[in-house]
Amino acid sequence: DIQVTQSPSSLSASVGDRVTITCRTSQNIAYHLNWFRLKPGKAPQLLIYAASILQSGVPSRFSGSGSGTDFTLTISSLQPEDFATYYCQQSYSVSPITFGQGTRLEIK
Amino acid sequence: QVQLQESGPGLVKPSETLSLTCTVSGGSISSSYWSWIRQSPGRGLEWIGCIYYTGRTEYNPSLKSRVTLSVDTSENQFSLNLSSVTAADTAVYYCARRVYDGTTSRFDSWGQGTLVTVSS
């Protein structure tokens, strides 16, 4: 299995802050890394795919970077709706598809 | 805009089979892969498996012995059966569409999720 290590596990920030979440994979996955936002009772939302491509309809304050084994999700200016849990996911191998452990973003 | 909705019992007894259905609207099930993913309390996301409309499947090896996925193209639905459940299978279960554009894949549409509790 490709292991995906996400950090931090939790993060406190304020509206307007810039935040960064990282994922590291146990082997080279090129650009095959996706990012999601999960909110209780709502359908999870794809934010970024292929490491850096913004999904249609997602605000431009979200950006992704990285390749190989190290990846980053950046939110440039936090909005109230961004306080949620974020996950990365590798799509390089489907045996199995694996996710990071999640980052809970809370209001400071 | 494709939409997905999970349905099924919210409570399953230990050792029994968990059965869920995902109904796809706003698009045809006869394209893309269709997936099940779960989130256990206090744990992260776990991919269960995917099925193509032709019936071709991909399973997480850790669950493969207990999982069966099926698809009904006439109803635009796909289903999950997870046998011999224990309390560890208590989770929010999501269905999702996995699209592949020739170079990479991603889960681009998800259902809202349904909580399934395993308890006697």
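In what follows, chains are A, B, ... by sequence order, proteins preceding strands, each numbered from 1.
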More than 12 heavy atoms from other groups under 6.0 Å of CD on A:E81: yes
Find out if a path of hydrophobic residues (ILVMFWY) with successive side-chain heavy-atom gaps under 4.5 Å connects A:V94 to A:F36. yes
Side chain, backbone, both or neither: which part of A:Q6 has a heavy atom under 4.5 Å from chain B? neither
Between B:S62 and chain A, with a heavy-atom cut-off of 4.5 Å, which part of the residue counts as in contact: side chain, backbone, both or neither? neither
Quick one: what part of A:Y92 sits under 4.5 Å from any heavy atom of chain B, side chain, backbone, both or neither? neither
Closest contact, heavy atoms only, A:P44 versus B:G111: CD-O, 3.5 Å
Which one, A:Q101, A:Q89, A:Q55, leads in non-hydrogen pairs under 4.5 Å with chain B? A:Q89
Which distance, rounded to the nearest 0.5 Å, do you find between the OH of B:Y59 and the OG of A:S95? 13.5 Å
Spell out, yes or no, whether B:L11 and B:L115 are grouped together once hydrophobic residues are joined by side-chain heavy atoms under 4.5 Å, including indirect joins. no
Quick one: which residue pairs count as a disulfide (SG to SG under 2.5 Å) with a foot in residues 18-91 of chain A, not counting sequence neighbours? A:C23-A:C88
For A:Y49 and B:D101, which heavy atoms make the closest approach, and how far apart are they? CE1-OD2, 4.4 Å
Which heavy atom in B:Y94 sits nearest to a heavy atom in A:L38, and how many Å separate them? OH-CD2, 4.1 Å
Cut-off 4.5 Å, heavy atoms of chain A, and the answer for B:L4 is neither
Please indicate whether B:K64 has more than 12 foreign heavy atoms, meaning atoms of other residues, nucleotides or ligands, lying under 6.0 Å from its NZ. no
If hydrophobic clusters are built by linking Ile, Leu, Val, Met, Phe, Trp and Tyr wherever their side-chain heavy atoms come under 4.5 Å apart, do A:L46 and A:F71 end up in the same one? no
Heavy-atom pair of closest approach, residues A:Y87 and B:G44: OH-CA, 3.6 Å
Are more than 12 heavy atoms, taken from residues, nucleotides or ligands other than A:R24, located less than 6.0 Å from that residue's CZ atom? no
If you tally heavy-atom pairs under 4.5 Å against chain A, which of B:E46, B:E58, B:Q112, B:R106 wins? B:R106
Could you see if B:V85 belongs to whatever hydrophobic cluster contains B:L69? Use Ile, Leu, Val, Met, Phe, Trp, Tyr and a side-chain cutoff under 4.5 Å. yes
So if you build clusters from Ile, Leu, Val, Met, Phe, Trp, Tyr with side-chain heavy-atom gaps below 4.5 Å, do B:L63 and A:F99 land together? no
Any donor-acceptor N/O pair, A:N34 side chain to B:S105 backbone, under 3.5 Å: yes
Taking the side chain as every heavy atom from C-beta outward, state whether A:I97 and B:R98 have any pair of such atoms under 4.5 Å apart. yes
Against chain B, work out which of A:S56, A:G100, A:A43 has the most heavy-atom pairs shorter than 4.5 Å and name it. A:A43
